[in-house]
2 protein chains.
Amino acid sequence: MGIFSKTCEYAVRAVFFIAQRTADGSRVGIKEIAVNIDSPEHFLAKILQDLSRRGIIQSVKGPNGGFYLDAQSLARPLSDVIEAVDGGGIFRDCGLGLKECSSKNPCPLHHDFLDVRNRLQNMLESITISQFNEDLNLGIVVLKK
Amino acid sequence: MGIFSKTCEYAVRAVFFIAQRTADGSRVGIKEIAVNIDSPEHFLAKILQDLSRRGIIQSVKGPNGGFYLDAQSLARPLSDVIEAVDGGGIFRDCGLGLKECSSKNPCPLHHDFLDVRNRLQNMLESITISQFNEDLNLGIVVLKK
DNA sequence: ACAATAAAAGATATTTATATCTTTTATTGT
DNA sequence: ACAATAAAAGATATAAATATCTTTTATTGT
């Protein structure tokens, strides 16, 4: 298990891919996304359905249909994707699983974890979905293997 | 899902509890540990068996038996517990799940994640298992609820 | 030796995450 | 209208994580 669930990893990779591939206003199909981010097609379909329902990504059915991102979606912070898929627990929950852990009633790791979680959150809030489009085009960063 | 697996959360809480409760050389039984860290007893038993096999904690069977920590174990960094239970993936694996992600072949989040993971690792390597014994005694930090 | 204790080990159950396959609905171009 | 396309939705399967229960083994005190 990584920091995120596998579902979330696929979601982020897919969202980055859709952002890059549809920056020109076109759409991209599930099959093409799955191949390019190396994920199981039908499982990814479920994930993207959910993201679409939540308004994180957009989609149209039928010929020339597919997934894409509108201007608002392109500008979203990556943290929105994480929250939509895994929930915000990673940003907020106690590292040792205590329900009532707080600064008043801290677990032993509370203070240290607060720092790490805040950094993670700040990082993911300051990264936008479209920010890697160019690096992806240039092959400087990758989404598969 | 938190940063660690539930198994790992129980493990860390248990190890902290054993450290505090057996600093005087005594032992503590599984039932007492489970009650005090609010975990399912039999499940925790499995976890502690495994930690015992790996030498992270010590145990003796029979009357007056139970779990404890020797001097070496008390001085261990908490990262050893994490590695024993969840593996080192949290310190090393790609945030987006890519097998071959590296500085030469990075995912979009590679550099940012490297920083967060390193901080987490440094933090967990610099915390020792026994370092909260006193705060636990004083009730300044807690291991349940 | 024996009974009591407590962890170790084994077996099984339940829940959640991940994955696959099929059918339905919306959209498009002819 | 109709056929083709592609996502949405529904149903089911598999694997992994979490949890529970039972039996065995080691140790202790009598």
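Residue numbers start from 1 in every chain, and the chains themselves are labelled A, B, ... in the order their sequence lines are given, proteins ahead of strands.
Among C:dT20, D:dA19, C:dA11, the nucleotide with an atom closest to any side-chain atom of B:Phe43 is D:dA19. Which of C:dA7, C:dT18, C:dA9 sits closest to the side chain of B:Ser59 comes down to C:dA7.
Each of B:Phe67 and A:Glu41 was matched to the nucleotide of DNA chain C holding its nearest heavy atom; the match closer to the 5' end belongs to B:Phe67. Nearest-nucleotide positions on DNA chain D for B:Pro40 and A:Gln49 put A:Gln49 closer to the 5' end.
Atom CG in B:Asp50 sits about 13 Å away from atom P in C:dG10, given to the nearest Å. Going from atom NZ of A:Lys6 over to atom P of D:dT14 covers 17 Å, rounded to whole Å. Residue B:Tyr68 contributes atom OH, which lies 13 Å from atom P of C:dA7 at whole-angstrom precision. A:Leu44 places its CG atom 14 Å from the C1' atom of D:dA8, with the value rounded to the nearest Å. Atom P of nucleotide C:dA6 and atom CD1 of B:Ile57 are separated by 16 Å, given to the nearest angstrom. Atom CD1 of B:Ile56 and atom P of C:dA7 are 19 Å apart (whole Å). Across the protein-nucleic acid pair, A:Leu48 atom CG and C:dA19 atom C1' stand 15 Å apart, rounded to whole Å. Here the C1' atom of nucleotide D:dA8 and the CG atom of A:Leu51 are 14 Å apart, to the nearest Å.
A donor-acceptor pair under 3.5 Å is formed between the side chain of A:Arg13 and the backbone N or O of A:Asp38. B:Asn36 places a side-chain N or O within 3.5 Å of a backbone atom of B:Glu32 that can act as its donor or acceptor partner. Proximity of a side-chain donor or acceptor of B:Arg27 to a complementary backbone N or O of B:Gln58 within less than 3.5 Å is not detected. No donor-acceptor distance shorter than 3.5 angstrom exists from the side chain of A:Arg92 to the backbone of A:Arg117, with no hydrogens or angles considered. Side-chain atoms of A:Lys31 never come within 3.5 Å of backbone atoms of A:Glu41 as a donor-acceptor pair (strictly under, hydrogens ignored). For the pair A:Ser130 (side chain) and A:Leu74 (backbone), a donor-acceptor distance under 3.5 Å is present.
Distances shown here put every side-chain N or O of B:Tyr10 at or beyond 4.0 Å from the OP1 or OP2 atom of D:dT18. When the side-chain nitrogen and oxygen atoms of A:Ser52 are compared with OP1 and OP2 of D:dA8, one or more of them lie within a distance under 4.0 Å. Residue B:Ser5 places no side-chain N or O under 4.0 Å from the OP1 or OP2 atom of D:dA17. B:Lys46 has no side-chain polar atom (N or O) that falls below the 4.0 Å cut-off from OP1 or OP2 of D:dA17. For B:Thr7 and D:dT18, the shortest distance from a side-chain N or O to OP1 or OP2 is below 4.0 Å.
B:Val141 is not listed as a side-chain neighbour of A:Leu109, based on a closest heavy-atom distance of 4.5 Å or more.
Within the nucleic acid shown, A:Val85 has no heavy atom closer than 4.0 Å to any nucleic acid atom.
Note: B:Gln49 CD to B:Ile30 CD1 = 8.0 Å, rounded to the nearest 0.5 Å. Summarising the geometry, atom CG belonging to B:Asp86 is positioned 9.0 Å from atom CZ belonging to B:Phe91; distances are rounded to the nearest 0.5 Å.
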For DNA chain D, what dot-bracket results from Watson-Crick or G-U pairs at under 3.5 Å, with [ ] for crossers and | for inter-strand partners?
||||||||||||||||||||||||||||||
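Across all their heavy atoms, B:Ala84 and B:Asp50 have their closest contact at O-OD2, 4.3 Å.
Of the residues in residues 29-38 of chain A, not one places a heavy atom less than 4.0 Å from an atom of DNA chain C.
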Trace of the side-chain hydrogen bond (donor to acceptor under 3.5 Å, both in side chains) decision for B:Ser73 with B:Asp70:
CA-CA 5 Å; B:Ser73 296; B:Asp70 60 25; 2.9 Å; yes
Stepwise side-chain contact (heavy atoms from CB on, under 4.5 Å) test for B:Arg21 and B:Ile18:
CA-CA 5 Å; B:Arg21 200 49 95 69; B:Ile18 298 169; 6.0 Å; no
With B for base contact, S for sugar-phosphate-only contact and - for none (protein heavy atoms under 4.0 Å), nucleotides 22-30 of chain D reads B--BBBB--
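In this structure, A:Phe67 has its ring center no closer than 6.0 Å to that of A:Phe17.
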